[in-house]
Amino acid sequence: MIEVQLPDGNIVQHEDNATALDVAKGISEGLARATAAAVIDGTTVDAMRPLTELTDLRPVPLQLLTTRDPEAAAVMRHSCAHIMARAIMRLYEGVGLAFGPVKGNTFYYDFDLATPISEDDFPKIEAEMKKIVKEGEPFERFTMNREESIQFCEDLNQELKVEHIKSGLADHESLSFYRQGEFVDLCRGPHIPHAGMAKAFKILNVAGSHWKGDVSNRSLQRVYGTAFFDKKELAAYMEQIEEAKKRDHRVLGSRLQLFTINPDVGQGLCLWLPKGATIRATLEDFIKKELTRRGYEPVYSPHIGRVELYETSGHFPYYRDSQFAPLFGHSAGQLVDYWIRCLDPDEDSVQPPDAAAEKKLLDAAMVLGFSGEEFPLSGSADEKRAVLRKWEKQQERYLLKPMNCPHHAQMYKAIPRSYRDLPVRLAEFGTVYRHEQSGELNGMLRVRGLTQDDAHLFCTPEQVEQEFKDTLGLVKYVLEAVGLEDYRVQLSTKDPGSDKYVGSDELWQNAQDTLRKVLTEAGLDFIEMPGEAAFYGPKADFMVRDCLGREWQLGTVQLDYNLPNRFELEYTGKDNKQHRPVMIHRAPFGSMERFVGMLIEHFAGAFPLWLAPEQIRVLPLSEKSDDYAKDVATRLRQAGFRVTTDLQSAKLQAKIRDAQMDLIPYMLVVGPKEAEQNAVAVRCRIDGDLGVMSFDDALQKLTDERNNQTIRQVAKSTFSAVEDVATGNEY
RNA sequence: GCUGCUGUAGCUCAGUCGGUAGAGUGCGUCCUUGGUAAGGACGAGGUCAUGGGUUCGAAUCCCAUCAGCAGCUCCA
C-alpha cells in the first residue's frame, strides 16, 4: 500500500501499483473521466503511470489535472500532435517524423514528407483524426535503452529520430516511447490517458520549417493545429483570432489612412500618410522635449557614409547581406566589387569565374578605365584580389546608412573632449536602410527604411552605471506614457561558443555584469538570452507582442566598449592623460515605424486624445449650423487642436456613426440652440453623449485631457507579453 | 532567402463547365434639413497583378515574374 496526499491535505491509501487515475476513481467516476494528467512535486506527469514509478516521495503529493486546468490542455494538445501525426501516416506513404511540441494554444508537428500537404487536405486529415479520437485508444508508455531505441527507430524507418537519439540525446541512457494503436513515437511525454479526450481540434495551417531549425538542414513540412477539451472553447478561440486580426496595424493603417506601402516605391518602404505622420510627429515632439530635459543634444547626419567608415566600425563585413549594395563613384565599382566577392574563399553564394568569364570581366574593367596589364590573369586568387582591391580603393564607395553609430562616433571625435564634458549625449532621429530578407517584411513592424529615435552616450567608465540606469528609466517612461505596460525585458548576452563577437571576454563579462546589476536594481524582471547580443556588446531589449502574439523588440539599450576602441575615441582625464570613453546606444521607441505600428495595435486604432491625428470633429445638425460649426472649429484650432468639420448633408446619426468608425475621440454636435448660447454638445467616443456645455468649459476639458496625456484604452490585446512561449513535450 | 497559399472596383468579396465582369461599402451629384451609431435617388470606377503559352475563345487552364499573407530562417 502507498499513501497519497491530495492538495486539500487529505491522505488516501492505495494499492502499490496505483496510478493517478486510480486515485481519481477512488474519489469519483466523473473525476476519473475528467483527469487528463497529474502534477507531482511541480512536474506534470502521466495520469496512467503507477505513482511509485514517478516519485520516491511518501506520501505521494498528488495534484490531478482535469479538463479545466490549462496545464492539462497543454498535455492534450501534445497528444493531439501525436493523433495528427498518426492520421497523416495513415493517409500518406513514407512519412518521416521530426518534432511535435506545443506552443501556447497551438501544437504542431514537423514531417519529412515528399508530397506537399495543402490546405485542401486539412478536412481529410481532420476526418482521420476524428476517427482516431472516436476509437479512443489509450496512450501507452514504454522505455528502451539506447541501442534498442536506435534499432527500434531504424526498423520504423524513422531516420530523424535515429539521428536525434545519436546526437541530441547522447546523454540519455534510457528513452521513452508512446504507443497509440499502430502509432509509436519517441517522446518524453506526458500524454492524456486516451485519444477520446481530444474532443475539439482544428488544423490551422501548414508551413515550411527546417530540421532542428537550421536552414542548411533538410526542409520539413510543419502542420499547425489547435485543440481544446470543449468545442465551445475552440469556437471562442477561433473567434478571438478573428477579432485580433481586426486590430492588425496593416488593416487599420489602411482603413484609418495612417500609412501605405506601394510596390513601385519599394518593398518594406513605408509611406507615412498625413494621419500617421501626425501621430509620429506628436511622438517625436514628446520625446524631443524629454531629451532636452535629460541633457541630450540634437545632431543631424547624412543618409550615406563611406564604406571605409563602416569598415572602421566593423559593421561592414558582419552585415554585408543585410545592407543595400554600396553606391560607387564609378559604375565599374559594382563590377569590381562583385569580382572580389567571386574570388573570396569565404563567400559561398558566388563562384570564382572561369577563364572565359574572367576575360570578359577584365575587358569590361578596361573599358571602364582600369589598366588591364596590371591584372595577373594567371596569378593566384589572392594576387588577383590584391589588384582588384587597389582598383576598388581608387574610387569612392558609399553605403546607404544602415546605422547611425559611426556617424555619431565621428561627431564625438570632432571636438576635443574633457572628462568635464562627459557624458556627451548625441541624439538624432536617424533614418537607416537595411536590406531585410523579403520574407521578413511585415507592414510597419519590419521594414527596409526606418527611423530610429537614436542617441549615443559617451561617458567615463564610472558613469556607465548611472547613465545606463537613466536610459532604462527613459525607456520605461516612454512606454508608460503610451500605456504600453505589457512588455518583457530581454538581456541579450554573448554566446560563449561563438566567434562573431569582438572585444575581450573581460570587457564582455564586465558589461554584462553591469547590465544585470542595473536591471535588477531597477526592479525589472528580465530573461537572459545568450547569443542574442550585438557583435559589439550586450543589450537590454524591451519586447512587446503584436495582435497575433508575435514578439517584437521596441526600446533597446546597448553597452559598447568596442566602437570607442575602433574609432580611437578619447577624452582628457583629471590626470591630464587621454582615456577611452564607453559608448551607450539607446533607442526608447526603437524605430518610429515599428513603434507606431505596435501602437496602432495596442490602441486598436483608437488613439488617446493627445495622439489622435483627428482629435475633434464638429458635427453641425444641419446646413443651417455650418457657419457656427466652422467658427467652433477655428477657435479649437487656435487652441492647438486637430479639428475637422463634417459638412455632409447627412443626418446627425450618420455623422456620428462615421466619426465613431473613424475612432475620433471627441465629437462636438452643434445646432441652433448651441449657436445661440456659444455652446457645444460634447460626445465622447467612449462615454457617449456628455450633454451641452459652454464652449469655454468644453475647451478646458479637452485641453486638460490632452495636456495630461490621458490614456483611455478600451479593448486590450488578447496576447500578453508574459505568456508562455513554448512548451516542449518532445525530447 | 526557403516552404505553402493568395492576387477581380479605393476597401471587403462573388464570379458555376473556359464564352471578354457583379454585389456591398466607399466616392461624386441631386433631393432631403434632421438632436446622439447607417434617409433616398442617380452616377462615375476594372487592360480581372504583370508578361508569355494552350485554345476558335482565358478572370477561369499552364509557365515565368512581381507583390501580399502564414510559418521557417535572419534581425546592427
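Just so it is clear: chains get the letters A, B, ... in the order the sequence lines come, proteins before strands, and each one is counted from 1.
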**Contact pattern, 5' to 3', of nucleotides 63-74 of chain B - B, S or - by protein heavy atom under 4.0 Å** = ----SSSSBBBB
**Distance, P atom - from B:G22 to B:U47, rounded to whole angstrom** = 15 Å
**Asked** Between A:E308 and A:R397, is a salt bridge (Lys or Arg N to Asp or Glu O under 4.0 Å) present by the stated rule, with each step listed?
**Response** CA-CA 8 Å; A:E308 284 74 9; A:R397 295 173 293 159; 3.3 Å; yes
**Complete:** Checking N1-N3 plus N6-O4 or O6-N4 for Watson-Crick, or N1-O2 and O6-N3 for wobble, each under 3.5 Å, the partner of B:G34 is none
**Asked** If you measure from the P atom in B:U8 to the same atom in B:U16, how many Å do you get, rounded?
**Response** 15 Å
**Item:** Side-chain donor-acceptor contact under 3.5 Å, A:T226 with A:T106
**Value:** no
**Message:** Roughly how many Å apart are B:C30 and B:G35, using the P atom of each and rounding to a whole number?
**Reply:** 23 Å
**Item:** Aromatic-base stack, A:F535 on B:A76, cutoff 5.5 Å, angle under 30
**Value:** no
**Asked** For B:C27, which nucleotide in any strand shown is its Watson-Crick or wobble partner with both distances under 3.5 Å?
**Response** B:G43
**Prompt:** At what distance, to the nearest 0.5 angstrom, does CD of A:Q648 lie from CG of A:D646?
**Reply:** 4.5 Å
**Asked** For A:K539, which contact category applies under a 4.0 Å heavy-atom criterion: base, sugar-phosphate, or nothing?
**Response** sugar-phosphate
**Item:** Identity of whatever pairs with B:U55 - Watson-Crick or G-U, under 3.5 angstrom
**Value:** none
Listed pairs, N/O of protein and of nucleotides 35-39 of chain B, under 3.5 Å:
from: B:G35; atom 1: N1; to: A:E674; atom 2: OE1; distance (Å): 2.9
from: B:G35; atom 1: N1; to: A:E674; atom 2: OE2; distance (Å): 3.2
from: B:G35; atom 1: N2; to: A:E674; atom 2: OE1; distance (Å): 3.4
from: B:G35; atom 1: N2; to: A:E674; atom 2: OE2; distance (Å): 2.4
from: B:U36; atom 1: O2'; to: A:R683; atom 2: NH1; distance (Å): 3.1
from: B:U36; atom 1: O2; to: A:R683; atom 2: NH1; distance (Å): 3.2
from: B:A37; atom 1: N7; to: A:R683; atom 2: NH2; distance (Å): 3.4
from: B:A37; atom 1: N6; to: A:Q660; atom 2: NE2; distance (Å): 2.8
from: B:A38; atom 1: N7; to: A:R657; atom 2: NE; distance (Å): 3.1
from: B:A38; atom 1: N7; to: A:R657; atom 2: NH2; distance (Å): 3.4
from: B:A38; atom 1: N6; to: A:R657; atom 2: NH2; distance (Å): 2.3
from: B:A38; atom 1: N1; to: A:R657; atom 2: NH1; distance (Å): 3.0
from: B:A38; atom 1: N1; to: A:R657; atom 2: NH2; distance (Å): 3.1
from: B:A38; atom 1: N3; to: A:R657; atom 2: NH1; distance (Å): 3.3
from: B:G39; atom 1: O6; to: A:S649; atom 2: O; distance (Å): 3.4

**CA sep, side-chain torsions, deciding dist, call: A:W508, A:Y561, ring pair (Phe, Tyr, Trp, His ring centres under 6.0 Å)** = CA-CA 8 Å; A:W508 276 87; A:Y561 290 86; 9.3 Å; no
**Message:** Counting only Watson-Crick pairs (N1-N3 plus N6-O4 or O6-N4) and G-U wobbles (N1-O2, O6-N3), all under 3.5 Å, who is the partner of B:C48?
**Reply:** none
**Message:** Does the structure show a Watson-Crick or G-U wobble partner for B:U6, both distances under 3.5 Å? Name it, or say none.
**Reply:** B:A67
**Asked** Going by atom types alone, do A:N404 and A:E428 pair a side-chain donor with an acceptor below 3.5 Å?
**Response** no
**Message:** Between B:C31 and B:G24, how far apart are the two C1' atoms, rounded to whole Å?
**Reply:** 23 Å
Which pairs would a plain distance check flag for residues 529-540 of chain A, meaning a side-chain donor or acceptor within less than 3.5 Å of a matching protein atom at least two apart in sequence or in another chain?
from: A:Y536; atom 1: OH; to: A:Q558; atom 2: OE1; distance (Å): 2.4
from: A:K539; atom 1: NZ; to: A:D541; atom 2: OD2; distance (Å): 3.4

**Prompt:** Mind checking who B:C74 pairs with, Watson-Crick or G-U wobble, both distances under 3.5 Å?
**Reply:** none
**Item:** No-hydrogen, no-angle side-chain donor-acceptor test under 3.5 Å, A:Q323 and A:Y310
**Value:** no
